[in-house]
Amino acid sequence: MLLEATLQKLIKIGTLTVRFPNGRSRTFGTGREPLAAIVIRTERAKRRLLLNPALALGELYMDGEIEPGPAAFSRRWIFSP
């Protein structure tokens, strides 16, 4: 809940879709582009993102605890001309 409240306040431009460890998804932002998505695989990852997001983001990605969601890459960067 705390991470969701924080994202709700922070995402003011574009749209971020987050899939949480329990399988639930939530969208933050305006609903417009740019689009991004992230999958958070563990509760530990949620805590670490709250405490130190700048450091945790890279470490959690390397540890496989978070990953970009399908909207983040497949539509926007890979298939764009």
Side-chain angles (χ1 to χ4, degrees):
M1 279 302 235
L2 189 55
L3 180 59
E4 293 179 51
T6 302
L7 291 172
Q8 187 69 43
K9 289 182 181 182
L10 289 176
I11 308 298
K12 299 296 181 194
I13 298 172
T15 304
L16 175 65
T17 301
V18 179
R19 186 175 336 142
F20 293 97
N22 63 4
R24 189 172 54 88
S25 292
R26 179 143 181 230
T27 301
F28 304 92
T30 63
R32 298 185 194 162
E33 291 192 354
L35 304 175
I38 189 169
V39 177
I40 301 174
R41 298 203 171 279
T42 65
E43 291 295 325
R44 176 181 174 261
K46 286 174 53 178
R47 285 189 303 275
R48 290 189 59 205
L49 285 169
L50 274 171
L51 294 174
N52 190 348
L55 178 62
L57 191 62
E59 290 180 347
L60 293 168
Y61 175 74
M62 294 299 292
D63 292 342
E65 292 187 59
I66 63 169
E67 66 182 52
F73 289 104
S74 62
R75 284 190 288 159
R76 187 79 176 149
W77 291 284
I78 294 175
F79 298 115
S80 294

Would you please test L49 and V18 for side-chain contact (heavy atoms from CB on, under 4.5 Å) and show each step? CA-CA 13 Å; L49 285 169; V18 179; over 6 Å; no
Nearest 0.5 Å, what's the CD-NZ distance between E65 and K46? 13.0 Å
When rounded to the nearest 0.5 angstrom, what distance separates CZ in R26 from CG in L3? 10.0 Å
[X], [Y]: one ILVMFWY side-chain cluster at the under-4.5 Å cut-off?
{"X": "I66", "Y": "L2", "value": "yes"}
{"X": "L10", "Y": "I38", "value": "no"}
{"X": "L57", "Y": "L16", "value": "yes"}
{"X": "I40", "Y": "M62", "value": "yes"}

Report yes if some heavy atom in the side chain of [X] is under 4.5 Å from a heavy atom in the side chain of [Y]; otherwise report no.
{"X": "I13", "Y": "T30", "answer": "no"}
{"X": "L60", "Y": "R44", "answer": "yes"}
{"X": "T42", "Y": "D63", "answer": "no"}

Would you confirm whether T27, through its side chain, and T17, through its main-chain N or O, come within 3.5 Å as a donor-acceptor pair? no
Could you note down all residue pairs passing salt bridge (charged side-chain N to carboxylate O under 4.0 Å, His left out) where residues 50-60 supplies at least one of them, sequence neighbours left out? R48-E59
So which pairs with a foot in residues 15-24 pass salt bridge (charged side-chain N to carboxylate O under 4.0 Å, His left out), sequence neighbours left out? E4-R24
Residue list, side-chain contact (heavy atoms from CB on, under 4.5 Å) with P53, at least two apart or on another chain: none
Give me the atom names and distance for the closest heavy-atom approach of Y61 to E67. CD1-CA, 4.4 Å
